[in-house]
Asker: 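Got a structure here, written out as structure tokens. Questions coming.
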Amino acid sequence: MIEDFLQLGDRLGDRQSDTSLTAINRTWLARSAPEVAPDLLGCVLARRCGDTIIRGTIVETEAYTADDPACHAYRRETRRNAAMFGAPGTIYVYLIYGVHHCLNVVTLREGVADAVLIRALQLTDPPPTQTVSTPKALDRLAAGPGKLCRALDIDLRLCGTTFNPEGELWIEPRSANRTTQPHPTNPKDLAIVQTTRIGITRGVERPWRWYLRDSPAVSRYG
DNA sequence: TCAATGATTAGC
DNA sequence: CTAATCATTGAT
């Protein structure tokens, strides 16, 4: 099953409508992070939690590359960042400030540290473990890299595993036929803003942050 | 072995 | 603006 997923090929372009293709695959991710990051906007991150699946539309991403001083693996490979050197489609999760987990999609090719940080999701429904009183509260539940990991119960246990629809975490392309989505994102109408990254002290000038202009679930604007 | 720090967040 | 909180990191 996992092999089938990996062999789906490179047919998952932005506007594919083949409903048999349900997940982003390794080939689609075998591009540099600054190429993949804006393409992930409007795609759906899906998390299996027991019987239920939590879904959220990706509305904010950042790219990190091997020659980028802000990248965790800029100096060398370590035990913490080892997953960043994995094949495209590998999951890289790290703990930041001793408090929050952050989720990355490994891109490009095996042996090269290159990844996209998922910074915010527009959740379609509240996770089973959480309650929200207003629609606005739901908008903010995954509005930040640490918050989305908490909402989807993502932690270090997933680090080093692979995005896979047969597993616990995967990504569905913009094109998937998702009639149950309360927040459909029409690829033709994606208004993408490109700007500089947040929270870093080196490589600050690289314009490698992207977000959906009109999304109420973006962590910050500007 | 040890001190500094960080791709953050909530709260004052 | 700052505390929380800890694995990783790079320097002793």
Side-chain angles (χ1 to χ4, degrees), chain A residues 29 32-41 45 56 58-86 88 90-108 112-123 126-127 129-134 136-161 163 169 171 192-212 215-222:
Chain A
L29 294 171
S32 68
E35 289 180 74
V36 174
D39 285 356
L40 280 172
L41 297 179
L45 182 66
I58 297 171
V59 298
E60 180 180 349
T61 56
E62 284 180 358
Y64 292 85
T65 66
D67 72 342
D68 166 17
C71 179
H72 284 170
Y74 178 59
R75 295 172 179 277
R76 66 179 171 281
E77 181 173 344
T78 65
R79 186 145 84 231
R80 177 212 202 186
N81 64 35
M84 271 190 98
F85 292 82
T90 298
I91 295 167
Y92 171 48
V93 178
Y94 63 90
L95 178 65
I96 188 67
Y97 298 106
V99 182
H100 304 286
H101 295 277
C102 294
L103 172 69
N104 290 257
V105 181
V106 176
T107 50
L108 196 53
V112 179
D114 199 271
V116 175
L117 171 68
I118 307 299
R119 286 194 55 91
L121 304 176
Q122 173 75 64
L123 291 179
T129 56
Q130 316 197 23
T131 57
V132 291
S133 48
T134 67
K136 179 67 174 175
L138 180 60
D139 289 342
R140 305 306 296 169
L141 208 53
K147 296 171 77 173
L148 79 86
C149 283
R150 189 181 56 179
L152 270 57
D153 191 31
I154 292 167
D155 60 27
L156 294 176
R157 291 172 299 180
L158 290 175
C159 188
T161 64
F163 286 98
L169 192 64
I171 301 171
I192 296 176
V193 177
Q194 179 177 190
T195 181
T196 51
R197 296 171 295 182
I198 288 178
I200 56 173
T201 56
R202 294 164 300 184
V204 292
E205 73 293 340
R206 300 195 187 206
W208 285 355
R209 174 176 175 242
W210 293 265
Y211 64 88
L212 293 186
S215 172
V218 166
S219 68
R220 304 190 222 168
Y221 296 89

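Chain naming here is simple, since letters A, B, ... match the order of the sequence lines and numbering starts at 1 in each.
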Asker: Spell out yes or no: do the side chain of A/Y94 and the base of C/dA7 have one donor N/O and one acceptor N/O closer than 3.5 Å?
Answerer: no
Asker: May A/Y97 be described as stacking on the base of B/dG6, applying a 5.5 Å centroid limit and a 30° limit on plane angle?
Answerer: no
Asker: Please determine, for the side chain of A/R76, which listed nucleotide (C/dG10, C/dC6, B/dA10) has the closest atom?
Answerer: C/dG10
Asker: Please give the distance between the P atoms of C/dT2 and B/dT5 as a whole number of Å.
Answerer: 15 Å
Asker: Find the distance A/R206:CZ to B/dA7:P and express it as a whole number of Å.
Answerer: 15 Å
Asker: A/I198 side chain: which of C/dT8, B/dT8, B/dG6 is closest?
Answerer: B/dT8
Asker: At less than 4.0 Å, is any side-chain N or O atom of A/T78 found next to OP1 or OP2 of C/dT9? Yes or no.
Answerer: yes
Asker: So, is A/R79 close to the C/dT9 phosphate, meaning a side-chain N or O under 4.0 Å from OP1 or OP2?
Answerer: no
Asker: Nearest-Å distance, CH2 (A/W210) to C1' (B/dA7)?
Answerer: 14 Å
Asker: With rounding to the nearest 0.5 Å, note down the distance linking CD1 in A/I154 to SG in A/C159.
Answerer: 11.5 Å
Asker: Can you check the A/D68 CG to B/dA7 P distance for me, whole Å?
Answerer: 11 Å
Asker: Verify whether the ring centers belonging to A/Y64 and A/Y74 lie closer than 6.0 Å.
Answerer: no
Asker: Mind checking if A/R80 touches a base, just sugar-phosphate, or nothing, with heavy atoms under 4.0 Å?
Answerer: sugar-phosphate
Asker: Between atom CD in A/E60 and atom C1' in B/dA7, what is the gap in whole Å?
Answerer: 11 Å
Asker: Between C/dT9, C/dA7, B/dA7, spot the one nearest the side chain of A/L95, thanks.
Answerer: C/dA7
Asker: For A/L117 and B/dT8, give me the distance from atom CG to atom P, rounded to whole Å.
Answerer: 7 Å
Asker: As an exercise, state the distance from CG of A/L103 to OH of A/Y92, rounded to the nearest 0.5 Å.
Answerer: 11.5 Å
Asker: Measure the distance from NE2 on A/H101 to C1' on C/dT8 and round it to the nearest whole Å.
Answerer: 14 Å
Asker: Return one dot-bracket line describing DNA chain C 5' to 3' (Watson-Crick or G-U wobble pairs, both distances under 3.5 Å; ( ) same strand, [ ] crossing, | another strand, . none).
Answerer: ||||.||||||.
Asker: Quick check for you: among C/dA4, B/dA10, B/dA7, whose closest atom lies nearest to any side-chain atom of A/I200?
Answerer: B/dA7
Asker: Could you grab the distance from atom OG of A/S219 to atom CG of A/L121, nearest 0.5 Å is fine?
Answerer: 11.0 Å
Asker: Is it true that a side-chain atom of A/T195 and a backbone atom of A/R209 form a donor plus acceptor pair closer than 3.5 Å?
Answerer: no
Asker: Do A/I200 and A/E62 touch side chain to side chain, with heavy atoms closer than 4.5 Å?
Answerer: no
Asker: What is the distance from CZ of A/R209 to P of B/dT8, rounded to the nearest Å?
Answerer: 10 Å
Asker: Which of these nucleotides, C/dT9, B/dT9, B/dA7, is closest to any side-chain atom of A/H100?
Answerer: B/dT9
Asker: Would one find a side-chain N or O of A/R75 under 4.0 angstrom from OP1 or OP2 of C/dG10?
Answerer: yes
Asker: Between B/dT8 atom P and A/I118 atom CD1, what is the distance in whole Å?
Answerer: 14 Å
Asker: Consider the side chain of A/C102, meaning its heavy atoms from C-beta on, and name the nucleotide among C/dC6, B/dG6, B/dT8 that approaches it most closely.
Answerer: B/dT8
Asker: Hey, does the side chain of A/N104 reach the backbone of A/A115 with a donor-acceptor pair shorter than 3.5 angstrom?
Answerer: no
Asker: Side chain of A/R150: nearest nucleotide among B/dG6, B/dA10, B/dT8?
Answerer: B/dA10
Asker: Say you draw a straight line from CZ of A/R119 to CH2 of A/W210; how long is it, rounded to the nearest 0.5 Å?
Answerer: 13.0 Å
